[in-house]
Chemist: 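Can you keep this structure in mind? I'll have questions shortly.
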Amino acid sequence: MFDPRWIRENPDAFDAGLVRRGLEPLSAQVLALDKTRREAQTQAQEVQSQRNALSKQVGAAKAKGEDAAEIIAEVGALKDEHARLEEAGKTADQALKAFLEGLPNTPAADVPEGADEADNLEIRQHGHAPTFEFEPKQHFEIGEAMGRMDFEAASRLSGARFVVLRGALARMERALGAFMLDLHTKEFGYTEVSPPILVRDTALYGTGQLPKFADDLYRTEDDYWLIPTAEVPLTNLVAGSVLSESDLPVRVTALTPCFRSEAGAAGRDTRGMLRQHQFSKVELVSICLPDQSDAELERMTGCAEEVLRRLGLHYRVMLLSSGDMGFSARKTHDLEVWLPGQDAYREISSCSSCGDFQARRMDGRYRPDGEKGTRHLHTLNGSGLAVGRALIAVLENYQNADGSVRVPEALQPYMDGAEVIGGDG
RNA sequence: GGAGAGGUGGCAGAGUGGUAAUGCAGCGGGUUGCUAACCCGUCUACCCGAUAGGGUAGCGGGGGUUCGAAUCCCCCCCUCUCCGCCA
């Protein structure tokens, strides 16, 4: 959400950001609405000031036992005028807000120009793609052959884009989540949180999913929403609050199920468990001072990368182009893990700095040391990592010719020391 | 689900129609050998203004009544207690 005052002072920067997002310049429209709003507000306040003064006179007159009918009649006229002006101000204010809340965040200066993922920039790689003496299989072939990944059962229960994991694979999914949480809490200073996964409208508005992306979400009959990511409850932890500098940075992590309707992805990635309506994910969220958020994004990306390194998985880090970034982000790193079965890199983490875009929507502020007033916080979020996709990556990268799968060393302590899982796991 | 109580500044706590007491804490300033005590100031958002400064709003949220609402009326949210149900 943009600050109208910032747009007033930097209309060109505002328009440039929209253009980089593939939108039209809109500052003229915003400024016109803003002007209407302020004029109505100023006039309404002047009338109100008169009203207040006259009302005081009524009180004073009555206290003295005098007749106040004349003053009361005078105030009555002001009342209608005030109502009219206030209404005009409110209408303009709501129009401005409705306009602004649908606009995506301005890309950071170092975000590459581009229309879509084809313009993303590879920043670095780590490790090498493993070589196989045989034709590597895709994760669902491995899992189904093991008898531990059951799409038919899931389909009977819930339909397409669900999976039932059994035995060693269910165990490995749990191991992955536990391993990631331990890494982030013990080594990177994140505090583990167990948040609600049903949330209200306001929480989703705060992080930017609403009002624009309601189609991507699941809603309950009593008007809760299932979270599409733990970014929503974790970031909204600071909604409506004023922190002091000594509280910052706030670093929190959570392992939660995530629910997405995948409304725009019909027909894409239909085989396997790459794109599901429900998946679990370890999320990282940082809340920090404005001048720390650039460094925090690098740090957070490093935390997510470390998961892949410990799992011994080959990946690359992409800097998303202006056209491929999410609504609330001002800069995003994607981690893409190598999947031998697919012979492709696939997204397994996305780490974004949102600047004050979300903080403004949810009114999360801090009080600068030695300064009067408050400023909005900066928020960041990142997957650390998507657990379902991490399971896929382990299966495809650690597969053996006989259909068994080696367990990465980092995971073995979480799986009773098992080094290999196979059909009898 | 039923019945009831409540929501006022960082905290505590008054205020049932006349425009938010008071106490404590924090911060800034004054006074002052030092400390303590004491005195003054110190909320947030927005609007007008070059500045100084001025104004409007805010007592959980939103409407309404009234010249005037923390106070009266309506709707909603949240917290707590008891009962019922329940992992």
Side-chain angles (χ1 to χ4, degrees), chain A residues 1-9 30-101 194-206 210-211 219-225 233 236-248 250 256-257 356 359-377:
Chain A
M1 179 73 116
F2 287 96
D3 178 7
R5 193 163 23 179
W6 180 81
I7 299 174
R8 218 182 295 153
E9 288 160 8
V30 173
L31 262 30
L33 280 170
D34 185 50
K35 186 158 181 262
T36 307
R37 173 182 70 102
R38 284 186 295 146
E39 282 172 356
Q41 189 178 343
T42 302
Q43 289 174 37
Q45 286 181 2
E46 280 165 8
V47 173
Q48 181 66 17
S49 185
Q50 295 171 36
R51 260 181 94 188
N52 288 345
L54 288 171
S55 288
K56 267 187 191 171
Q57 288 179 29
V58 173
K62 287 200 169 172
K64 283 188 245 164
E66 295 169 0
D67 177 35
E70 204 172 303
I71 309 175
I72 290 176
E74 196 180 341
V75 189
L78 288 179
K79 191 180 179 183
D80 292 342
E81 192 185 352
H82 178 257
R84 185 180 57 76
L85 288 166
E86 197 178 44
E87 185 60 34
K90 197 186 280 184
T91 302
D93 192 51
Q94 284 170 352
L96 180 63
K97 192 173 170 236
F99 195 83
L100 292 178
E101 70 190 6
S194 175
I197 61 177
L198 290 174
V199 297
R200 302 173 173 286
D201 298 359
T202 48
L204 287 153
Y205 180 84
L210 289 180
R219 189 173 205 182
T220 67
E221 284 193 351
D222 50 353
D223 295 339
Y224 289 111
W225 303 82
N236 276 284
L237 250 20
V238 300
S241 55
V242 181
L243 306 184
S244 58
E245 285 198 25
S246 58
D247 297 328
L248 302 169
V250 172
T256 69
D356 65 2
R360 209 171 274 292
R361 293 173 84 96
M362 65 179 70
D363 198 25
R365 293 171 292 164
Y366 73 98
R367 196 178 300 282
D369 286 343
E371 252 182 64
K372 259 182 95 79
T374 58
R375 295 184 62 188
H376 284 99
L377 295 156

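In what follows, every chain begins at residue 1, and chains take the letters A, B, ... in the order their sequences are listed.
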Chemist: Not counting sequence neighbours, list each pair that qualifies as a salt bridge (charged side-chain N to carboxylate O under 4.0 Å, His left out) and has a residue in residues 30-42 of chain A.
Modeler: A:R8-A:D34, A:D34-A:R37, A:D34-A:R38, A:K35-A:E39, A:R37-A:D93

Chemist: Tell me every residue that passes salt bridge (Lys or Arg N to Asp or Glu O under 4.0 Å) with A:D222, counting only those two or more places apart in sequence or in another chain.
Modeler: none

Chemist: For A:D223 and B:C76, what is the distance between atoms CG and P respectively, to the nearest whole Å?
Modeler: 14 Å

Chemist: Taking only residues two or more places apart in sequence, or in another chain, which ones meet A:S194 in a side chain to side chain contact (heavy atoms under 4.5 Å, CB included)?
Modeler: none

Chemist: Between B:C83 and B:A12, how far apart are the two P atoms, rounded to whole Å?
Modeler: 27 Å

Chemist: Which whole number of Å gives the distance between the C1' atom of B:G15 and that of B:C72?
Modeler: 16 Å

Chemist: Which whole number of Å gives the distance between the C1' atom of B:U22 and that of B:G13?
Modeler: 8 Å

Chemist: side-chain hydrogen bond (donor to acceptor under 3.5 Å, both in side chains) with A:E101: which residues, sequence neighbours excluded?
Modeler: A:Y205

Chemist: Which whole number of Å gives the distance between the P atom of B:G60 and that of B:C11?
Modeler: 13 Å

Chemist: Can you tell me, in whole Å, how much space there is between the P of B:G68 and that of B:A20?
Modeler: 16 Å

Chemist: Hey, could you give me the NZ/NZ distance between A:K97 and A:K90, rounded to the nearest 0.5 Å?
Modeler: 12.5 Å

Chemist: Write down the distance separating the C1' atoms in B:G55 and B:G62, rounded off to the nearest Å.
Modeler: 25 Å

Chemist: Not counting sequence neighbours, which residues clear ring pair (Phe, Tyr, Trp, His ring centres under 6.0 Å) with A:F2? List them please.
Modeler: A:F14

Chemist: What integer number of Å spans the P atoms of B:U71 and B:C85?
Modeler: 40 Å

Chemist: Provide the distance between the two C1' atoms, one in B:A5 and one in B:G58, to the nearest whole Å.
Modeler: 26 Å

Chemist: With A:S241, which residues qualify under side chain to side chain contact (heavy atoms under 4.5 Å, CB included), at least two apart?
Modeler: A:V238, A:L243

Chemist: Treat primed atoms plus P, OP1 and OP2 as sugar-phosphate and everything else as base, then score nucleotides 62-74 of chain B 5' to 3': B for base contact with protein heavy atoms under 4.0 Å, S for sugar-phosphate contact only, - for none.
Modeler: -S--BBS------

Chemist: According to salt bridge (Lys or Arg N to Asp or Glu O under 4.0 Å), who are the partners of A:D247, at least two apart in sequence or on a separate chain?
Modeler: none

Chemist: Identify, with sequence neighbours excluded, every residue that meets side chain to side chain contact (heavy atoms under 4.5 Å, CB included) alongside A:T374.
Modeler: A:V242, A:R365, A:R367

Chemist: Who are the side chain to side chain contact (heavy atoms under 4.5 Å, CB included) partners of A:N52, not counting sequence neighbours?
Modeler: A:Q48

Chemist: Runs of at least three consecutive Watson-Crick or G-U pairs, both distances under 3.5 Å, are what I'm after; which ones involve RNA chain B?
Modeler: B:1-7 with B:77-83, B:10-12 with B:22-24, B:26-30 with B:38-42, B:43-48 with B:53-58, B:60-64 with B:72-76

Chemist: Less than 4.0 angstrom from a charged side-chain N to a carboxylate O is my criterion; do A:R219 and A:D223 meet it?
Modeler: yes

Chemist: One character per nucleotide, please: for nucleotides 42-58 of chain B, 5' to 3', B when the base has a protein heavy atom closer than 4.0 Å, S when only the sugar-phosphate does, - otherwise.
Modeler: S-SSSBS------BBS-

